[in-house]
Number of protein chains: 2
Amino acid sequence: MPTPDRTTLDAIVAAARDLLEEDGLAGVTMQGVAVRVGVRAPSLYKRVENRDRLIQLVAEETLLELTARLDAAADARTLLDTYRAFGKERPAAFRLVMTPGAGTPVADTAVQAAASTAILRISAGLAGETDALEAARLLTAWATGFISMELNGAFRLGGDIDRAWDYGIAHLVDAITR
Amino acid sequence: MPTPDRTTLDAIVAAARDLLEEDGLAGVTMQGVAVRVGVRAPSLYKRVENRDRLIQLVAEETLLELTARLDAAADARTLLDTYRAFGKERPAAFRLVMTPGAGTPVADTAVQAAASTAILRISAGLAGETDALEAARLLTAWATGFISMELNGAFRLGGDIDRAWDYGIAHLVDAITR
DNA sequence: ACCTGAACACCGTTCAAGT
DNA sequence: ACCTGAACACCGTTCAAGT
C-alpha cells in the first residue's frame, strides 16, 4: 500500500529559495529544507538528486523570473532599474546566479542565455548591430558589478549611491549610442 | 617543558590561501590546512580564533597585495589591466574579496578603503574632483562585474572577450573625461 | 606553552526496514 | 511507492591530558 505524497518538488525548491534568502547559501541544508516541507531529510532524495541539484533548481527558477521581468523592459534605463530592483528584492538569489563562487551549482546554459536577450535587443537599438554584443557586455558588467557591490555594502566612501547609479546609466548610454 | 612551535600564523594563512585557489572556499577546511602545515586541526586554534577569522586573514592578505599592485598604475588602462590580471592569477581570492556571499568573512574596513585610493586618484584626473567618486564607481563596478563574469565563464554568446574589455575601457574613459 | 586524541554537535547521503 | 531511523564519512570546535 503506497504512502500518500507528503511534499512536492515545487515545495522543496520554494523552501530552499526561502532559506537561501533568510540564511544564505550555507543555510540551505537538506535538514532545514526537510523541516520546512514536513518530511525527514532522506525523503528529499526521492524528488531531487542531491543538494547541488537543488541549488541549481533554485538558480534556474531565479533566472527564469529575472528573464521574465527584463523582457518586459522597453528601454535601457527601465531594464537596468528592473535588474537592480530584482537584486534588492532577492539579494542572495541574485548573488547565486550572477556571482556564484567556484563549485557553486550553476543554471543550465539555455536558461542563462535567455536572460541575455532583453539586454541584447536594447543594446542593438542604442549601439547598432555591429557593436550590440560589446555594448550589452558593457552594460551588463557594469550593472552586475554595481549591484553586487551595493548588496555587499562595498560602497564605503560615502556619497549618494543612487546618484552613482544615475551617473553610470547616463554616461554609459551616452557612450554606446552612435 | 614547552613544545617547540611546529607552525606559524603566516604558514597557516599561506596554506589557506593555496587551498582556496585549489579547492575553492568550501575546500578551505581546518583539517586540510592542518595537514598542509603539519599539525592536527585543534592546534590551529592556538594561532587563529576560528575558520571565519582565517578566511578573513586570507581576504586581507589578498587586498593588501592587490592594493600594492594598483597603486603602481599610472593611468586608467594600466590600472584596469592590472586589476584584471590579478583576477586571472588568483580567481578564488578575487571572488572572495570582490563578490563575497552573505556570511562570508570580509576584510577590515581600512584594508578595503586602501584598495580604492588608486582608482580615485586616476578618476579625479579624468573626470575632475567633483565627479571623481562617481567616475571611480563607474569604472570599479564595470571592471569588477566584467572580471567576475569572465571568471565565471558567464560570457557565453561568443565574440572576443578581449575586444569587449577594450571596448569597455575606451568607451568608459571617453565617457568620464570632461 | 604547544600539541594531541577523544568527544560533541552538526552536515550530506545511503539503505534496509517499515507502511 | 514513499517515508523513516540508523548508520557512515565528513565538518568545526572544545577540552582534558600529555610533553
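We name chains A, B, ... by the order of the sequence lines, and we start the count at 1 in each one. The shown structure was predicted, so the numbers you read here are calculated from the model rather than taken from an experiment.
- Between B:Arg47 and the phosphate of C:dC3, there is a side-chain N or O to OP1/OP2 separation shorter than 4.0 Å.
- A salt bridge does not link B:Asp10 to B:Arg17: none of the charged side-chain nitrogens sits closer than 4.0 Å to a carboxylate oxygen.
- What separates CD1 of A:Ile12 from C1' of D:dC2 is a distance of 12 Å, to the nearest Å.
- In this structure, B:Tyr45 places its OH atom 6 Å from P of D:dG12, rounding to the nearest Å.
- Checked against C:dT13, D:dG12, D:dT4, the side chain of A:Met30 finds its nearest nucleotide in C:dT13.
- Partner assigned to C:dT14 is D:dA6, using Watson-Crick or G-U wobble distances below 3.5 angstrom.
- When distances run from any side-chain atom of B:Asp5 to the nucleotides C:dC2, D:dT13, D:dC11, the shortest one goes to C:dC2.
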- request: Take A:Ile169 and A:Asp81 through the side chain to side chain contact (heavy atoms under 4.5 Å, CB included) test and state the conclusion after the steps.
  value: CA-CA 10 Å; A:Ile169 292 181; A:Asp81 284 345; 4.0 Å; yes
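- Between A:Tyr83 and A:Phe94, the distance from one ring center to the other falls under 6.0 angstrom.
- B:Glu61 and B:Arg90 are joined by a salt bridge, as a carboxylate oxygen and a charged side-chain nitrogen come within less than 4.0 angstrom of each other.
- The side chain of A:Asn50 sits closest to C:dT13 out of C:dT13, C:dC3, C:dC11.
- Ionic pairing of A:Glu22 and A:Arg36 is present here: one or more N-O contacts between side-chain nitrogen and carboxylate oxygen are shorter than 4.0 angstrom.
- Nearest to the side chain of A:Arg40, among C:dG12, D:dT4, C:dC3, sits D:dT4.
- Where B:Arg6 and A:Glu49 meet DNA chain C, the nucleotide closest to each residue was compared, and B:Arg6 sits on the side nearer the 5' end.
- Note: CG (A:Leu44) to P (D:dA1) measures 20 Å, nearest angstrom.
- Taking 4.0 angstrom as the limit, A:Ser43 places a side-chain polar atom (N or O) nearer than this to OP1 or OP2 of D:dT4.
- Per the geometry, NZ belonging to B:Lys46 stands 16 Å off P belonging to D:dT13, to the nearest Å.
- For A:Pro42, whose side chain is taken as the heavy atoms from C-beta onward, the closest listed nucleotide among C:dC3, D:dG5, C:dT13 is D:dG5.
- Contact annotation: A:Arg51 side-chain N/O to C:dC11 OP1/OP2 distance is not under 4.0 Å.
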